[in-house]
Novice: 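This is the structure I have questions about; it appears just below.
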Amino acid sequence: MNYFKLSVLSAAMLKLALLAGCGAESVANTMHLAEPPGAHADHGAESEKRTHFSARSELFVEFPRLVLGQPSTFAAHLTWLADYKPLRQGRLSVQLSGPNGAAEEFLATGPAVPGIFKPVVTPTVAGTRDLILVFETADGVLRHELGPVQVYADARAANAGPPAAESEDAGIAFSKERQWKIEFATAQAVAGIARDSIRATGTIRATPDGEALLAAPTAGIVRAANHFPRVGQSVKKGQILAYLTPRLGGDTDQATLEAGAGKARIALEQSRRERERMQILYENEAVAERRVIDARVRERIAAAEAAAAERRLAQLSGGGGIALRAAIDGVIAEVPVAAGAYVAEGAPVVHIANTGKLWLEARVPESKIGRLGTPSGASFMVDGFERSFVIEPGGNGKLIAIGGIVDAATRTVPVIFEFTNPERSLRLGLSARVQIFTGDGGDSLLVPAGAIQDESGTQVVYVQTDGETFERRLVQSGARDGDLTAIVAGLAPGERVVSKGAYLIRLSRSMSSPVGHHH
């Protein structure tokens with residue numbers, strides 16, 4: 001027993017030692033979110049932080065209080081909003097201007113590490129100055145106007161300046177270097193319209209005239225027409241895709257067909273000569289006209305029999321057959337047979353689909369039919385796509401029908417929408433998670449649906465208070481409209497929330513030390 005207690009105590013002491021030596025930063029390192037060496041520097045307690053967004057980029061900059069004639073190193077973090085990754089190449093110009101003196105410019109020819117520029121700023125004019133950071137990149141110029149900044153006359157004045165704002169809750173520290181390593185994004189809470197909706201399941205289907213299945217009209221062998229049809233091939237209505245050589249009955253073989261074709265050709269030649277002889281006799285008034293007419297009929301019958309014999313022979317020898325033609329314009333979706341394969345009567349040969357327009361068939365539970373009314377649109381998600389697809393009647397789609405009978409097996413009613421397939425990216429048969437909008441909606445504060453986290457039944461968002469600090473905020477959500485969700489309480493317009501990566505912010509909150517870290 002004593003040995004057991006000693007082992008437990010030793011393990012606990014080892015764990016405390018590891019935590020004391022490594023801290024939250026080392027825990028983050030085990031998550032592969034370690035920051036590059038030399039990326040951060042301690043600027044002291046009285047440093048300034050500014051966060052600013054342009055249309056294309058986010059700037060987070062830290063710098064010590066500016067003192068006349070003293071060099072100050074900036075740590076300027078530049079993030080592309082398109083993918084929330086760092087700017088890896090470019091040139092930074094830090095500009096100080098204002099009514100108290102001439103404009104000053106300080107340069108960094110490139111980032112010290114990807115995303116972080118470290119220009120050294122040595123002001124030559126004291127007083128209030130306007131601070132502007134301009135990044136010159138291969139994709140254009142990014143301009144961030146940060147507003148007024150104070151340049152102090154000496155270090156004593158800087159130390160006597162107003163203390164940095166602090167709060168009891170310093171927030172959740174999550175550095176730019178970590179943000180750049182994960183799938184991360186933020187979004188602004190904006191005013192908009194959110195419509196009430198009903199959840200349903202659905203399936204992506206072809207429109208009634210957007211799908212055709214060519215089946216074998218009789219048993220036979222499938223042969224190519226120039227090239228055998230392939231999946232993904234575009235076809236036009238009426239185009240011959242393949243030939244079907246019917247199976248011959250009885251003891252019929254190729255020799256028999258060749259003999260039959262030869263006999264038919266001989267019979268045709270005899271009928272032609274007989275008709276010509278009757279014509280001459282008629283012209284010499286040696287026979288009645290009826291004899292000429294009968295000869296012509298026999299010649300036509302012989303010609304038809306000869307043509308039929310030739311076609312039968314050609315089918316067996318691969319020179320033709322029953323043409324299988326495309327019934328619609330579209331793309332070949334499936335070819336379940338191979339060239340030369342024998343198929344039974346009615347077997348599918350080629351499946352054609354026109355996926356430019358599709359149907360969404362949603363199944364609404366009978367318990368929600370009373371809320372359905374006249375749907376104003378729908379939104380759906382399918383596996384393999386991160387975004388929602390929205391159907392707007394009068395825009396990219398329309399409501400086709402609402403079923404009038406509850407399915408006895410599923411206890412659901414079908415609601416069918418037609419919509420334009422964006423870039424023909426959706427495939428037939430996909431299962432969908434559907435929201436059917438039941439009204440026009442009302443004014444709301446909207447955030448991406450992915451920003452709302454369910455933490456033990458509590459709805460939470462993580463609000464960005466500066467470039468590397470976040471606040472956990474309890475919210476109350478309302479209607480979901482596509483990829484957006486209404487926030488009823490807990491958030492103000494213009495605040496930015498974490499829309500991707502919120503779960504890792506939550507983990508960071510549990511691991512962060514009270515004092516965070518400094519750059």
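Index from 1, following the sequence.
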Novice: Could you check D196, L360, L372 and say which one makes a side chain to side chain contact (heavy atoms under 4.5 Å, CB included) with I436?
Specialist: L372

Novice: Can you check side chain to side chain donor-acceptor pair (under 3.5 Å) on T137 and D139, steps first, answer last?
Specialist: CA-CA 5 Å; T137 76; D139 294 322; 5.1 Å; no

Novice: Is there side-chain contact between P148 and D130, with at least one heavy-atom pair below 4.5 Å?
Specialist: yes

Novice: Walk me through whether E366 and R411 qualify under salt bridge (charged side-chain N to carboxylate O under 4.0 Å, His left out).
Specialist: CA-CA 6 Å; E366 62 179 337; R411 309 307 301 172; 3.2 Å; yes

Novice: Any carboxylate oxygen within less than 4.0 angstrom of a Lys/Arg side-chain nitrogen, looking at R129 and E104?
Specialist: yes

Novice: Rounded to the nearest 0.5 Å, how far apart are CD of E136 and CG of L92?
Specialist: 9.5 Å

Novice: What I want to check is whether the side chains of S175 and E468 have a donor and an acceptor closer together than 3.5 Å.
Specialist: no

Novice: Of the non-hydrogen atoms in S234 and V331, which two are nearest, and what is the gap between them?
Specialist: OG-CG2, 4.1 Å

Novice: Between F53 and R496, is there a cation-pi geometry (under 6.0 Å to ring centre, at most 45° from the normal)?
Specialist: yes

Novice: Kindly indicate whether the side chain of V149, heavy atoms from C-beta on, has any atom under 4.5 Å from the side chain of E48.
Specialist: yes

Novice: In Å and rounded to the nearest 0.5 Å, what is the CZ to OG distance from R199 to S379?
Specialist: 10.0 Å

Novice: Is the closest side-chain heavy-atom distance between R143 and I132 below 4.5 Å?
Specialist: yes

Novice: Quick check for you: to the nearest 0.5 Å, what is the distance between K500 atom NZ and E183 atom CD?
Specialist: 5.0 Å

Novice: Is the F385 to F380 ring centre distance short of 6.0 Å?
Specialist: no

Novice: I need the minimum non-hydrogen distance between V434 and T201, along with the two atoms involved.
Specialist: CG2-C, 4.0 Å

Novice: Between R50 and E62, is a salt bridge (charged side-chain N to carboxylate O under 4.0 Å, His left out) present by the stated rule, with each step listed?
Specialist: CA-CA 7 Å; R50 304 283 180 95; E62 288 183 288; over 6 Å; no

Novice: Are I332 and V350 packed together at the side-chain level, in the sense that at least one heavy-atom pair is separated by less than 4.5 angstrom?
Specialist: yes

Novice: When you check the side-chain N and O atoms of E471 and T465, is any donor under 3.5 Å from an acceptor?
Specialist: no

Novice: I'd like to know if R205 and E211 make a salt bridge, using a cut-off of under 4.0 Å between side-chain N and carboxylate O.
Specialist: no

Novice: Give me the atom names and distance for the closest heavy-atom approach of R480 to A449.
Specialist: CZ-CB, 3.5 Å

Novice: Between T203 and E361, does a side chain to side chain donor-acceptor pair (under 3.5 Å) hold up when you go through it step by step?
Specialist: CA-CA 5 Å; T203 305; E361 182 178 318; over 6 Å; no

Novice: Is a side-chain donor-acceptor pair under 3.5 Å present for E58 with Q464?
Specialist: yes

Novice: Around K368, counting heavy atoms of other residues, nucleotides and ligands shown, do more than 12 lie under 6.0 Å from its NZ?
Specialist: yes

Novice: V121 and side chain to side chain contact (heavy atoms under 4.5 Å, CB included): which partner among L96, V151, L131?
Specialist: L96

Novice: Do F470 and Y462 make the cut of ring centroids closer than 6.0 angstrom?
Specialist: no

Novice: If you take all heavy atoms of F417 and P375, which pair is closest and at what distance?
Specialist: CZ-CB, 3.8 Å

Novice: Is the shortest side-chain N to carboxylate O distance from E392 to R195 below 4.0 Å?
Specialist: yes

Novice: Just by distance, with hydrogens left out, do D483 and S388 show a side-chain donor and acceptor under 3.5 Å apart?
Specialist: yes

Novice: Please check if the side chain of Q453 supplies one atom and the backbone of G450 the other of a donor-acceptor pair under 3.5 Å.
Specialist: yes

Novice: Could you report the tightest heavy-atom contact between I328 and N354, atom names first, then the distance?
Specialist: CD1-N, 4.2 Å

Novice: State the CG-NE2 distance between L241 and H227, to the nearest 0.5 angstrom.
Specialist: 13.0 Å

Novice: Check the pair Q179, F174 against side chain to side chain contact (heavy atoms under 4.5 Å, CB included), reporting the backbone distance first and the verdict last.
Specialist: CA-CA 7 Å; Q179 296 173 29; F174 200 79; 3.6 Å; yes

Novice: So which atom in R91 and which in L107 form the shortest heavy-atom distance, rounded to 0.1 Å?
Specialist: NH2-CD1, 2.9 Å

Novice: Quick one: do F135 and F117 satisfy ring-ring contact (aromatic ring centres under 6.0 Å, His included)? Show the steps, please.
Specialist: CA-CA 10 Å; F135 295 84; F117 295 75; 5.2 Å; yes

Novice: Are E455 and R472 close enough, and set up right, to give a salt bridge (charged side-chain N to carboxylate O under 4.0 Å, His left out), and what steps lead you there?
Specialist: CA-CA 11 Å; E455 298 183 5; R472 180 177 182 269; 3.0 Å; yes

Novice: Students often mix this up, so state it plainly: with edges at 30° and 60°, are the rings of H144 and H52 parallel, tilted or perpendicular?
Specialist: perpendicular

Novice: For the residue pair L142 and L78, establish whether any side-chain heavy-atom pair is separated by less than 4.5 Å.
Specialist: yes

Novice: Of V475, I487, I452, V461, which meets side chain to side chain contact (heavy atoms under 4.5 Å, CB included) against V497?
Specialist: V461

Novice: A side-chain contact here means heavy atoms from C-beta on lying under 4.5 Å apart; do F419 and I400 qualify?
Specialist: no

Novice: Under 3.5 Å, is there a donor on one side chain and an acceptor on the other for K236 and Q239?
Specialist: no

Novice: Distance from T355 atom OG1 to L428 atom CG, nearest 0.5 Å?
Specialist: 7.0 Å

Novice: Report yes if some heavy atom in the side chain of V61 is under 4.5 Å from a heavy atom in the side chain of L146; otherwise report no.
Specialist: yes

Novice: Could you tell me whether D383 and R433 make a salt bridge, using a distance below 4.0 angstrom between a side-chain N and a carboxylate O?
Specialist: yes

Novice: Of the options F63, F60, F106, which is the one that meets F74 in a ring pair (Phe, Tyr, Trp, His ring centres under 6.0 Å)?
Specialist: F63

Novice: Rounded to the nearest 0.5 Å, how far apart are CG of L504 and CD1 of I182?
Specialist: 4.5 Å

Novice: Does S54 offer a backbone N or O that forms a donor-acceptor pair with the side chain of R56 under 3.5 Å?
Specialist: no

